[in-house]
Amino acid sequence: MALGWTLHGDGKTVGPNDVVAPHERLSWGKTIGLGAQHVVAMFGATFVFPLIMGLNAQLAIMMSGIATICFLLIVNGRVPSYLGTSASFVGGVAAIRAQPGATSQTVTGAILIAGLILALVGLAIHYLGSGVLHKVLPPVVTGAVVMLIGFNLAPVVANIYWPQDQWVALLVMIFAIVCGVALRGFAGRIAIFLSLIFGYVLSWIFDKVFGQITSLDPGVGKITTHFRTNFDNVAASSWFGLPPSTGTLGADGKAQVGWHAPSISMAAVLLVIPAVIALIAENTGHVKAVAEMTGADLDDVMGRAIAADGVGTMIASSVGGSPTTTYAENIGVMAATRVYSTAAYYAAACFAILFGFSPKFGALVASVPGGVLGGITVVLYGMIGLLGAKIWKENQVDFSNPINLIPVAAGIIIAIGNTKLVFSDSFSLEGIALGTIVTIAAYHLAVALATPELKERHFGAMMSIPTVEVAGKDDTEPHSHPHTHPHSH
């Protein structure tokens, strides 16, 4: 089944204990409404992360819809999912942009190769099984990689976004925390989106009450005295049209290009490969979560789902869009509604593509004040990092065993401190890339050289728990439904 659905009952009424399966649908009116709900759930993160990465948000929204349709076709409609912008690449992209001469073309070229690697890993899992992957990347390693990706981003918040307007950033951060813990159901799952709206309104009020602020002006790329909000580009943009091919300046004052062809740099590719590890774990958790909620055995489609995410990332980045990943926010919507119909995801994808044809929408997104992003990224980056700890907890990783403790300790500190290993004037490894390599290599070295007693403790503990390793963006929701994370997603 890919594009054919069976009507669930009369298509209009759903009983309290009814479950609408992926191959079923409700009436088209209800299906379109559910699709709109999925759009709202993914919306905030899908355009916030492109902004942070210096990519075009309008193009990212459009390509997320196209990538979602491709994903659903590849998995033959068995895994309901929306592919939004991945947060796992943010750290690697920040590292790329810190390199001399790096451009957005370099960024999307690296993302495209990462998508190819993810697709190949998915194919390998499909034909060889997930056992090999678990041996190479056990939970202690995947948890460490996810953690170092998130925490490596702390200087981006401290040095770029927060200083633009510290009081707005502080209030937005507090609002995000309150929404995440105080709101229930669907409202809690879109806490980041609500925080962005709150921050935008707050910035406008501060302009009226306190006047201009002296800080980095994203519109000109330098420190000036200016208003926090600027709607000039929004007013000048048309309602309908393709995403722009010319660049604008983002909230960090750096150029954001429109659609473009990627440029491949192997040095840049090395900086985003750690994100592939996070995406493997993330997609694994997504499939396991859907399988638990629907009662279906989806092990045979696991590799295909991972490969489909890689293909989606390649398609999106091939025209200058942002990397994709399966979204936990949308799993939460399914868990709340008990409607797993892939027809709703096709509807959501169509909505996203329509948004992508509105330059005015793109200009509005690009005008988000830097202080607002400061408050949001404090929460988002920290949560990405702590998802690594969640993987460790759910998989009962034993840090009293030096096999787990020592390699991970070294890798995380190297990444967070942005430690550099220089090979020549033209090539070096640092930060996330070096931390990931050290974590993986040192772990397997520790396993090989450990005493028999330590090995027995280590592998005995691993055999006593289920094989579950999940991370993600994209689990940036502070208030997810418990079924969203049956293992550790």
Side-chain angles (χ1 to χ4, degrees), residues 43-54 57 87 90-91 94 97-98 150-183 187-235 248-256 363-386 416 476-479:
F43 202 66
T46 295
F47 74 72
V48 166
F49 289 119
L51 285 180
I52 295 169
M53 290 188 282
V90 173
R97 291 194 179 278
F151 291 164
N152 178 262
L153 293 167
V156 176
V157 178
N159 299 328
I160 297 178
Y161 296 119
W162 189 277
Q164 290 189 40
D165 194 334
Q166 61 177 4
W167 297 113
V168 167
L170 178 65
L171 292 173
V172 170
M173 179 195 73
I174 294 172
F175 185 84
I177 294 171
V178 171
C179 286
V181 300
L183 298 181
R189 281 191 291 274
I190 60 170
I192 297 301
F193 182 53
L194 295 177
S195 299
L196 189 142
I197 296 174
F198 168 79
Y200 220 131
V201 173
L202 183 67
S203 296
W204 180 81
I205 293 174
F206 274 28
D207 281 344
K208 300 298 182 184
V209 175
F210 302 112
Q212 296 183 328
I213 188 171
T214 300
S215 67
L216 174 68
D217 184 352
V220 297
K222 61 182 180 180
I223 295 177
T224 66
T225 299
H226 60 278
F227 287 109
R228 298 163 182 82
T229 56
N230 186 333
F231 300 102
D232 292 344
N233 287 337
V234 179
T248 58
L249 292 180
D252 58 357
K254 296 181 181 179
Q256 293 181 332
L364 179 64
V365 170
S367 66
V368 175
V372 177
L373 292 178
I376 290 174
T377 52
V378 163
V379 178
L380 285 179
Y381 292 170
M383 289 177 66
I384 294 169
L386 288 176
I416 294 177
T476 50
E477 290 305 329
H479 197 92

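Just so it is clear, the structure is predicted and the values come from calculations on it, not from any experiment.
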**Request:** List the steps, then state whether side-chain contact (heavy atoms from CB on, under 4.5 Å) holds for Ile205 with Phe210.
**Result:** CA-CA 8 Å; Ile205 293 174; Phe210 302 112; over 6 Å; no
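Side-chain contact between Leu386 and Phe151 is present, with at least one heavy-atom pair separated by less than 4.5 Å. By the 4.5 Å heavy-atom criterion applied to side chains, Met173 and Val379 are counted as neighbours. Ser203 places a side-chain heavy atom less than 4.5 Å from the side chain of Val372.
How far CG of Asp207 is from CG of Asp165: 8.5 Å, rounded to the nearest 0.5 Å. For the atom pair Leu373 CG and Trp162 CH2, the distance stands at 12.5 Å (nearest 0.5 Å).
Across all non-hydrogen atoms, the minimal contact from Gly374 to Ala169 is C-CB, 4.1 Å. Closest non-hydrogen pair, Met53 versus Arg97, comes out as O-NE, 2.9 Å. Contact detail for Ile213 and Gln164: the closest heavy-atom pair is CD1-O, 3.6 Å. Between Leu171 and Phe206, the shortest heavy-atom contact is CD1-CZ, 3.9 Å.
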